[in-house]
Every structure is written in C-alpha cells, then in structure tokens.
Amino acid sequence: MDNNTILHSYQDWLKVQKMPAGKKKTLSAAVELFSRQGYNGTSTAQIAEKASISQATIFKYFKTKEELLSEIIEPLIPELKKEFLPKLKTYSKIEDVIHFIVQNHFRFLAQNADIIKIILQEILVNSGLRQSLMAAIQDTIIDDLKMQLSRLQNDNPNIVTYQEDCEVIRTGLGLLFAYFFQRFVLEISTQSEEKDLKCIEEQLIKLITTKV
C-alpha cells in the first residue's frame, strides 16, 4: 500500500476495531454483498450465510438492515477528516495541494471501493441516507475545506475568487467521483491511471487559477 495513502481499506480498518467477532463478521459480509448485489438485493439471511452466523446474531447488533448500512458508512467521514485535513495544512503551493487532494482522495476511493459503490447506489434511491450523508459531509469536511481554500487564496494570489467556495469543492469532488465511477462501477480499464489523475489535477488547477 502506498505510504502516502490516508486510510487503510475498510476491511483492514475493521480488523483492528474492538467489537464482538459476530458484529465484525456481519459488517464484513454485508459490505461485500451490498457492493455486489446492492442494498435492496441483499437479505439478512444471505449476510448470515456469508458470515457463517445466524440471523439472530445480526439482529443482536443491528435492529434493522438500514442500521447496519449506517454503521458501515459512519466511520468513513470522521476518519477522513482526522487523517486528511492536518496533512493538507502542511501544503501552501496550489500545485502541491491539488496533487495531494487528487492522489490521496482517489486512493481512498479505490481502497474503499466496495463501500463507495454502496453509497453511490443508495444515495440515488434513499433520500434519508442522502440527506444524512450530505449533512455529515457539510459538518465534518466542507467547512474545513472552505477554510483551507481561503488560506490558499491568501498564499496564492492567482486563485480565482468564487462567490461560493462550495462550487470549487463540488466540482473537484465531482471529477474524482466521475473517474471512480468509470473505473470501479462501469469497470472501464485505463492505460495509465497516473496520466488520468494528472489530467484531473490539471483540470482543477485551470478551474481555480487565473493562470496555469
């Protein structure tokens, strides 16, 4: 695994968490099945069979399947903030910032591809999950990113000032998610991931600067 990667994969993260073995097995099996079959296409009976546990064990830890899904998703955003934002603050040149954001965010998406696919599938049809996830991102990440963008604007006078800083953040995240969707959902192969990510970096620099 790349030494510059922010987070381990969800499965690696799960291994070191202090929780009962039955709960770990449930979460691990659910991630795999939700990703492959979709949330609605997966039953608790299938999760129990995959995890080699009883359905009673699942419901011992999770009252509903939706609660199980929420517990899979919840750790991502706080962990991302804890590891990502402190390191982001160490960069001052806009090129270095963009490189760090693109490379590390994509590694995070790639290593957590199973969970990200679940999220993408469910936010399209589950309005409650979509609203709670966007609220969590706003509270946990967006406000801090806006502060960092303001800091960068002070250090880099060639950065364009937008009426809404969220416009820049949404565009940047959109480019990464679009590339992730092509690679891991549509399973479109690439000749050079390095060149693809470099292209995204260049697009972002063009977006936020008056000069490239």
Short side-chain to backbone donor-acceptor contact, [X] and [Y], under 3.5 Å:
| X | Y | result |
| --- | --- | --- |
| Ser70 | Glu66 | yes |
| Thr90 | Lys87 | yes |
| Lys50 | Ala30 | no |
| Tyr91 | Ile98 | no |
| Thr42 | Leu33 | yes |

Interatomic distance, [X] atom [atom1] to [Y] atom [atom2] [nearest 0.5 angstrom]:
| X | Y | atom1 | atom2 | answer |
| --- | --- | --- | --- | --- |
| Glu201 | Gln103 | CD | CD | 5.0 Å |
| Phe59 | Thr26 | CZ | OG1 | 10.0 Å |
| Leu109 | Arg183 | CG | CZ | 11.5 Å |
| Tyr61 | Leu27 | OH | CG | 10.5 Å |
| Leu68 | Glu71 | CG | CD | 8.0 Å |
| Leu207 | Glu202 | CG | CD | 13.5 Å |

**OP:** Give the cluster check for Met19 versus Val16: same hydrophobic cluster or not, with ILVMFWY residues linked at side-chain heavy-atom distances below 4.5 Å.
**Re:** no

Taking all atoms of both residues into account, what is the closest heavy-atom pair of [X] and [Y], and its distance?
| X | Y | answer |
| --- | --- | --- |
| Ala113 | Phe184 | CB-CD2, 3.9 Å |
| Ser54 | Ala48 | C-CB, 3.9 Å |
| Lys24 | Leu14 | CE-O, 3.2 Å |
| Leu176 | Ile101 | CD1-O, 4.3 Å |
| Gly41 | Gln46 | O-OE1, 3.4 Å |

Is the shortest heavy-atom distance from the side chain of [X] to the side chain of [Y] under 4.5 Å?
| X | Y | answer |
| --- | --- | --- |
| Tyr39 | Ile72 | no |
| Lys65 | Phe34 | yes |
| Asp12 | Gln111 | no |
| Arg36 | Lys117 | no |

**OP:** Can you establish whether the number of heavy atoms outside Gln191 located under 6.0 Å from its atom CD is more than 12?
**Re:** no

Subject >> Glu49 atom CD: more than 12 heavy-atom contacts under 6.0 Å >> reply: no

**OP:** Decide side-chain contact (heavy atoms from CB on, under 4.5 Å) for Asp196 and Phe106; before the verdict, give the C-alpha distance in whole Å, the side-chain angles of both, and the deciding distance to 0.1 Å.
**Re:** CA-CA 11 Å; Asp196 292 343; Phe106 184 73; over 6 Å; no

Subject >> Carboxylate-amine/guanidinium proximity below 4.0 Å for Glu193 and Arg107 >> reply: yes

